[in-house]
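By convention in this document, chain letters (A, B, ...) are assigned in the order of the sequence lines, proteins followed by strands, and residues within each chain are numbered from 1. The figures that follow rest on heavy atoms only: side chains count, while hydrogens, waters and symmetry mates do not.
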Protein chains: 2
Amino acid sequence: MTHTRTPGRTGPRHPGDVRARIQQVALDLFIEEGYDRTSLREIAERVGVTKAALYYHFPAKEDLAESLLDERIAALDALIGWAEQQPDPDRMRPEFLRRYTAGLHGPGRDARIARFLGRNPLVLDLLPAGRQLRDRIDRMFALLGGPDPSPTARLRRILALLCLHLDDLLPAEPARDEPARRDAALTLALETLQTRG
Amino acid sequence: MTHTRTPGRTGPRHPGDVRARIQQVALDLFIEEGYDRTSLREIAERVGVTKAALYYHFPAKEDLAESLLDERIAALDALIGWAEQQPDPDRMRPEFLRRYTAGLHGPGRDARIARFLGRNPLVLDLLPAGRQLRDRIDRMFALLGGPDPSPTARLRRILALLCLHLDDLLPAEPARDEPARRDAALTLALETLQTRG
DNA sequence: GTCTATAAACCGATAGAC
DNA sequence: GTCTATCGGTTTATAGAC
């Protein structure tokens, strides 16, 4: 038995684990200049290894992107699981939005993954994990609204969730990512969801 | 003086003007599979000409994309011009939203150009015309809100305009592009803009 | 685990005939 | 205006040494 470990497992042998650093750098570049325009050469260069080393950790470029989405899918699954256990949907929904935005801006990469998707929406069609993610989004829409929604009610719940992603969808604004802005977004989301027009 | 015309001018010599057909096909493909993933070979194939013919009508791929954005910029300039002439801002703003969505879904390519941008947001950074378009968007935000906005008010006007683009931002939904849905979006946009929280 | 070297494919773009 | 043919560059991905 050797000390060699599968690169897919967690638990870095040394800090700055290469696999995680590749993910970090790739995420940065995917946000900055787009998934398609980011080459593996560019990622490898910034990490400080060669292109071939990337292929040791990820079989293909798509698998590197998938590994990022998997984290986000797991986070959403946990949240959806919680929501489905709540007995009172009317009390669940506002708390759902609070937990959603809290999870987005807590520790971890979720906030940047959301921005990655906001800047590369076609990834949701392109990758298998993207289609899985879209399935989770649809289930969240279902949770946010009651049965048999009117067109307005349908749009309203979509809009409420979108509120919390304004900064991911818009091109860089001066005031992005400030706590006050996040609070304002949550307030707007709650108001949007709860208005009965 | 010959009959040869500059391809940039309007007035087709024959119906199905090749330049316009290239734009149509390119727009379709840019929406379906993304700007970066759409090759000139693919566009030429679907139009029924060779790649080289494309270069007669557009000096480069970017110029083809720019030509699409130019139409949208002109449409927005007209709308912004109207808004700046209105004496009463409080009466202008709801009407602005109505004209904005009417222009989007009237004759012309504007609706599909908006979807092109929703699916390829990085184009706004990439192309010179994209940055011009962003400038128009900023000016519309300024028109929609009064001076010295609170964080909530800032987000609110952004959200109102975003309402009218929900179908451009979301992955294909079953009920996209129906008049009832557009009416619901306009109602929501007006409500979002006018609520004073 | 990381390297050097290279394969194979595709891209945007150009030259020049017609 | 459209064609054939091709150039030069970049990309993803692989083979094999260490």
Separation of [X] atom [atom1] from [N] atom [atom2], in whole Å?
X        : N       : atom1 : atom2 : value
His57(B) : dT2(D)  : NE2   : C1'   : 8 Å
Arg37(B) : dC10(C) : CZ    : C1'   : 13 Å
Ile22(B) : dG1(D)  : CD1   : C1'   : 10 Å
Phe58(A) : dT14(D) : CZ    : P     : 16 Å
Lys61(A) : dA13(D) : NZ    : P     : 9 Å
Glu45(A) : dT10(D) : CD    : P     : 12 Å
Leu40(A) : dT12(D) : CG    : C1'   : 7 Å
Tyr55(B) : dA15(C) : OH    : P     : 12 Å

Considering just the side-chain nitrogens and oxygens of [X], establish if one lies under 4.0 Å of OP1 or OP2 belonging to [N].
X        : N       : answer
Tyr56(B) : dT2(D)  : no
Ser39(A) : dT11(D) : yes
Thr50(B) : dC3(D)  : yes
Arg41(A) : dT12(D) : no

Quick one, Trp82(B) and Glu95(B) - any side-chain contact, counting heavy atoms below 4.5 Å?
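Of all side-chain heavy-atom pairs linking Glu95(B) with Trp82(B), at least one is under 4.5 Å.
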Return the 5'-most residue of the pair Glu42(A), Ala52(A) with respect to DNA chain D, ranking by each residue's nearest nucleotide.
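Nearest nucleotide further toward 5': that of Glu42(A).
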Please tell me whether His165(B) and Tyr100(B) form a close aromatic pair, meaning their ring centres lie under 6.0 Å apart.
yes
Are a donor atom and an acceptor atom from the side chains of Gln194(B) and Arg93(B) found within less than 3.5 Å of each other?
no
Return yes if some donor-acceptor pair links the side-chain N/O of Arg131(A) with the main-chain N/O of Asp125(A) below 3.5 Å, else return no.
yes
Spell out, as yes or no, whether a donor-acceptor pair under 3.5 Å connects the side chain of Lys61(B) to the backbone of Thr38(B).
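Checking the backbone N and O of Thr38(B) against the side chain of Lys61(B), a donor-acceptor pair under 3.5 Å is found.
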Of the nucleotides dT12(D), dC3(D), dT14(D), which one has an atom closest to the side chain of Lys51(A)?
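When the side chain of Lys51(A) is considered, dT12(D) is the closest of dT12(D), dC3(D), dT14(D).
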